[in-house]
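Input: a single structure, listed below in structure tokens.
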Amino acid sequence: MSIELSEQEIIRRESLKEIINLGIDPYPAALYEVNARSEEIHKKFPEDNSLFQEISMAGRIMSRRIMGSASFAEIQDEAGRMQLYFNRDEVCPGEDKTLYNTLFKRLLDIGDIIGVKGYVFYTKMGEITVHVKEFTLLSKSLKPLPIVKEKDGVVYDAFSDPEQRYRQRYVDLIVNPQVRETFKKRTQLTNSMRSFLNEKGYLEVETPILQPIYGGAAARPFKTHHNSLDVTLYMRIANELYLKRLIVGGFDGVYEFSKDFRNEGMDRFHNPEFTQMELYVAYKDYEWMMNLVEEMVEKIAIDTNGTTELKVGENLINFQRPWKRYTMYEAIQHFTGIDVSEMDEAQMAETAKKLGVEINPTMGRGKLIDEIFGETCEPKLIQPTFITDYPVEMSPLAKKHRSKAGLVERFEAICNGKEICNSFSELNDPIDQRKRFESQLELGKRGDEEAMVLDEDFLRAIEYGMPPTAGLGIGIDRLAMVMTNSNSIQDVLLFPQMRPEKKAAVLSDDDFLAIGVPAEWIPALRKAGINDVTLLKAANPNKLFNDLCGMRKKLKMEVAPPTLDMVKAWIG
RNA sequence: GAUUAUGUAGCUCAGUAGGUAGAGCACAUCCCUUUUAAGGAUGGGGUCCUGGGUUCGAAUCCCAGCAUGAUCACCA
């Protein structure tokens, strides 16, 4: 990336100066009245042509077709585009045609934001168009936008480079309307979920993101430090333990949309920060929670897409209740034909090897089952499916199964081959909970970096007594991927985490002047790639001298060539 | 972290047995003047990701790096 402005950027800056010289403020402070939007006009005008005869609307210029005294342009507002018709003699009723000839035709560009007043009519071509009577520049754009064109559903020159789309999401949002739709849908999703939960009377709460002890999930945390307390704090990996404290405190149902942070790998399913909705309801169990999840997700599908049947990638997924239910052992048996339910750790490890599942010595029996399941079953579960009854070893916060030894009352919902939620009857036996934490500590000693740590305050809380409680964590990003048919988590995060953009250390004109470089040589030096002091200091004076002579020709500079001594003096 | 692909104009992409780089859109100037991815003509615009190496000569070949994507690993 050059710090040089491109030709088009220079032209726009010059236009900006001319606009100011015309006495026009390119960034006016006053509000601009908007009483009509493109979507509304397109919808209502065909039904009643007497509407919209005195409108005022605003948006970004996305295309222009200029032909002398008449011109067409399109502006884009949040919901869509509207064609504008400009006629020179209507925009400039007097003798002075500057506003049209100079401002509109020459000094405005694609990307500028304008406001227009006028009336809606049909053109000869039958397109709904705003006949502009007056227009106002609201913001001059200095960077050219990628121009995406579309005809009959075919998109030309799409702005598609993922790096640029994610790093400059604002550009992505301007030129790719389907991206705006995705994020609107994501918000519809959370709105739908929130209203569902509120209608049930559950209380939305906020709990700490900075936690002295991270807990509630198996994951590596981000670590930070609080200066005045001089303590280590962790960014939360889950909010489970806090929400359960609130159940102890007497709330019957609490939930939180929680940004969680996990210091792990990134790929199309994982971002270091992601959103979960966690819900805890007193006096309920996991069977009850399964029904709630079905009901809630079905409603979300209808609220966001108008149907329970969604095309996601190659698959047609139907969220209509009831969903299929398998126990974990049943699922493994179903997909591999092997009954692992009675196996001990050694037999399990043997089976895993036979199935081609990679294992390592830190894995206990529970982890082994999880690996086998994850490898052989999860990717094959396309339709929403509940997997129930997990091994106790991998669920230190879940209640022991009421009838099956060695298992806990837990379920996950799998959809499109990925987990979308996780839930259990919460463990409320403080003695058992302490033991479970202790065995996690053992796993930690065996080298499991994700083993949970013991949270004394949480234990103290449940020692006061926590009602039987059903808990749920549902991945909002994963759910949003499904609901918006997105292939990557980055497509449902407005600002996905990216490696930092590398920035050249830039020398300002003043820096160059301070070193003794005459102003006229600064562009040439920049062109030669000398953008920071170290580069200049490290340059070979002879080479730089030659380069500059070359640049002088190339840039058609009307100054005397540099001398070698001059260049040596800059380098010092 | 591993493998692999990609990185050329503001955007989307061509291209070259290794010999001073092309198209469309965008931009500029002029002509036309109610157009619809959309008129016509002319023109400007590039450290061909960065750094090394091979070579008379590298955007092209080799190595390393950076960025991004994909797959795997990790990751409920």
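Throughout, protein chains are lettered first and strands after them, A, B, ... in sequence-line order, and every chain is numbered starting at 1. Only heavy atoms go into these numbers, but all of them, side chains included; no hydrogens, no water, no symmetry mates. Remember, predicted model here, so these are calculated numbers, not experimental data.
- Within 4.0 Å of A:E264, counting heavy atoms only, lie sugar-phosphate atoms of the nucleic acid but no base atom.
- Considering only side-chain atoms of A:I11, the nucleotide from B:G69, B:C13, B:A28 that sits closest is B:A28.
- Looking at every heavy atom in both residues, A:E330 comes nearest to A:R325 through OE1-O, 4.4 Å.
- The separation of B:C11 from B:G52, taken at their C1' atoms, amounts to 32 Å, rounded to a whole angstrom.
- Nucleotides B:G44 and B:A67, compared at atom C1', are 30 Å apart to the nearest Å.
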Give the intermediate values and the outcome of ring-ring contact (aromatic ring centres under 6.0 Å, His included) for residues A:F86 and A:F135.
CA-CA 9 Å; A:F86 289 80; A:F135 70 97; 5.4 Å; yes
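- Distance, A:I110 CD1 to B:C25 C1': 10 Å, rounded to whole Å.
- Whole-Å rounding puts the A:I147 CD1 to B:C25 P distance at 12 Å.
- Contacts of A:E150 with the nucleic acid, taken as non-hydrogen atoms under 4.0 Å apart, involve only primed sugar atoms and P, OP1 or OP2.
- Closest to the side chain of A:D161, out of B:G10, B:U12, B:U35, is B:U12.
- Nearest nucleotide to the side chain of A:S160, out of B:U12, B:C74, B:U68: B:U12.
- In this structure, A:D491 atom CG and B:G69 atom P are separated by 10 Å, rounded to whole Å.
- When both pairing distances are held under 3.5 Å, B:G69 makes a Watson-Crick or G-U pair with B:U4.
- Looking at A:K143 and A:E9, a side-chain N of the basic residue comes within less than 4.0 Å of a carboxylate O on the acidic one, giving a salt bridge.
- Counting non-hydrogen atoms under 4.0 angstrom, A:R478 reaches nothing in the nucleic acid.
- Comparing B:A23 with B:G46, their P atoms are spaced 14 Å from each other, to the whole Å.
- A:E278 has no carboxylate O lying under 4.0 Å from a charged side-chain N of A:K244, or vice versa, which leaves the two without a salt bridge.
- In this structure, A:R165 does not reach the B:G69 phosphate: none of its side-chain N or O atoms is under 4.0 Å from OP1 or OP2.
- Checked by distance alone, A:E74 brings no side-chain donor or acceptor within 3.5 Å of a matching partner on the base of B:U36.
- Of the candidate nucleotides B:A26, B:U12, B:U29, B:U29 has the atom nearest to the side chain of A:R106.
- Annotation: B:G45 and B:U36 have their P atoms spaced 32 Å apart (nearest Å).
- Between the C1' atoms of B:G22 and B:C63, the separation comes to 29 Å (whole Å).
- In summary, the side chains of A:Y390 and A:T327 do not present any donor paired with an acceptor at a separation below 3.5 Å, with no hydrogens or angles considered.
- Place A:N487 and A:E378 on RNA chain B by their nearest nucleotides, and A:N487 ends up nearer the 5' end.
- Spacing of C1' atoms, B:U8 relative to B:U60, comes out at 11 Å, to the nearest Å.
- The side chain of A:R268 lies closest to B:A70, out of B:U12, B:C27, B:A70.
- Among the nucleotides B:U35, B:A28, B:U68, the one closest to any side-chain atom of A:D109 is B:A28.
- Checked by atom type, the side-chain pair A:D389/A:Y326 shows no donor-acceptor distance below 3.5 Å.
- If you take CD of A:Q164 and C1' of B:A67, they are 12 Å apart, rounded to a whole angstrom.
- For the pair A:D157 CG and B:A14 P, the interatomic distance rounds to 13 Å; values are reported in whole Å.
- For A:P146 and A:S395, each mapped to the nucleotide of RNA chain B holding its nearest heavy atom, the one lying further toward the 5' end belongs to A:P146.
- Closest to the side chain of A:T123, from the set B:U35, B:U12, B:U68, is B:U35.
- In this structure, a donor-acceptor pair under 3.5 Å is present between the side chains of A:E409 and A:S425.
- The CZ-P distance, from A:R12 to B:A28, rounds to 8 Å in whole Å.
- Rounded to whole Å, atom P of B:C25 lies 15 Å from atom CZ of A:R65.
- At a threshold of 4.0 angstrom between heavy atoms, the contacts of A:Q490 are confined to the sugar-phosphate backbone, with no base atom among them.
- For B:A26, the OP1/OP2 oxygens have a side-chain nitrogen or oxygen of A:K149 closer than 4.0 Å.
- Checked against B:U35, B:C74, B:C11, the side chain of A:F159 finds its nearest nucleotide in B:C11.
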